[in-house]
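Right, one structure below, let's go through it.
Owing to the predicted nature of the structure, the values given are computational and were not obtained by experimental measurement.
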Amino acid sequence: QVQLVESGGGSVQAGGSLRLSCAASGRTFSYYTVGWFRQAPGKVRDFVAAITWSRSSTYYADSVKGRFTISRDNAKNTVYLQMNNLKLEDAAVYYCARHSGSGSAYFESQYAYWGQGTQVTVSS
């Protein structure tokens, strides 16, 4: 089993920054792609970003390109999401997830383990 715990969420004004962390325990995710997704009230859960285990590839939703950066420290079993220039529409619950090992990094159905989420609130 893999346990994922997100942290770093909070309230910020538009234009501000937050850094989310996703810490893993149990069977680690060192050799798997890890992704971030988000879900706003009344909306489906959307892909935000993903990073391969070797850090050789990163993937971003168009809406966050140039503003968000995903990174990972496999020695610490932790993945980060640096979010800069936050916009009102970035407000959501953010989830990290470990990929199953096959399939696209963009689709939540390809992820086997999920954290409980951390709330990000953006105010004007």
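- Residue Y60 comes nearest to A49 through the heavy atom pair CD2-CB, 3.7 Å, listed as atom of the first residue, atom of the second, then distance.
- Residues satisfying the salt bridge (Lys or Arg N to Asp or Glu O under 4.0 Å) criterion with R67, sequence neighbours excluded, are D90.
- Contact between S21 and T78 at its shortest, heavy atoms only, is CB-CG2, 4.3 Å.
- Residue Q13 holds its CD atom at 10.5 Å from CG of L88, rounded to the nearest 0.5 Å.
- With ring centers used as reference points, W53 lies 6.0 Å or more from Y32.
- Taking CD from Q119 and OG from S11, the interatomic distance works out to 8.0 Å, rounded to the nearest 0.5 Å.
- Note on residues 108-124: pairs passing salt bridge (charged side-chain N to carboxylate O under 4.0 Å, His left out), not counting sequence neighbours, are R45-E108.
- Of all heavy-atom pairs between L4 and A24, the closest is CD2-CB, 3.7 Å.
- Side-chain contact between Y95 and E6: present, with at least one pair of heavy atoms (C-beta onward) separated by less than 4.5 Å.
- Other residues, nucleotides and ligands contribute over 12 non-hydrogen atoms within 6.0 Å of the OH atom of Y106.
- Of all heavy-atom pairs spanning S17 and V12, the tightest one is N-CG2, 3.9 Å.
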- Query: Going through the checks in order, is the side-chain contact (heavy atoms from CB on, under 4.5 Å) test met by Y113 and Q3?
  - Reply: CA-CA 7 Å; Y113 298 96; Q3 293 80 43; over 6 Å; no

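- Distance SG/C22 to CH2/W114: 10.5 Å, rounded to 0.5 Å.
- Nearest heavy atoms, A50 versus A105: CB-CB, 4.1 Å.
- The CG atom of L81 sits 8.5 Å away from atom OG of S71, with the distance rounded to the nearest 0.5 Å.
- When all heavy atoms of W36 and V79 are compared, the closest pair comes out as NE1-CG1, 3.6 Å.
- To the nearest 0.5 Å, atom CZ of residue R72 and atom OG1 of residue T52 are 7.0 Å apart.
- With a 4.5 Å cut-off between side-chain heavy atoms of Ile, Leu, Val, Met, Phe, Trp and Tyr, the cluster of V5 takes in none.
- Once rounded to the nearest 0.5 Å, the distance linking CZ of F107 with NE2 of H99 reads 10.0 Å.
- Evaluated for a side-chain contact (heavy atoms from CB on, under 4.5 Å) with I70, the options I51, L20, V48 yield exactly one hit, I51.
- Side-chain contact between Y80 and R19 is present, with heavy atoms from C-beta onward closer than 4.5 Å.
- Here the two rings, on F37 and F47, have centers that are under 6.0 Å apart.
- Note on V34 and Y111: separate hydrophobic clusters, where clusters join Ile, Leu, Val, Met, Phe, Trp and Tyr whose side-chain heavy atoms are under 4.5 Å apart, directly or indirectly.
- Looking at heavy atoms from C-beta onward, T118 lies out of side-chain contact with V93 at the 4.5 angstrom threshold.
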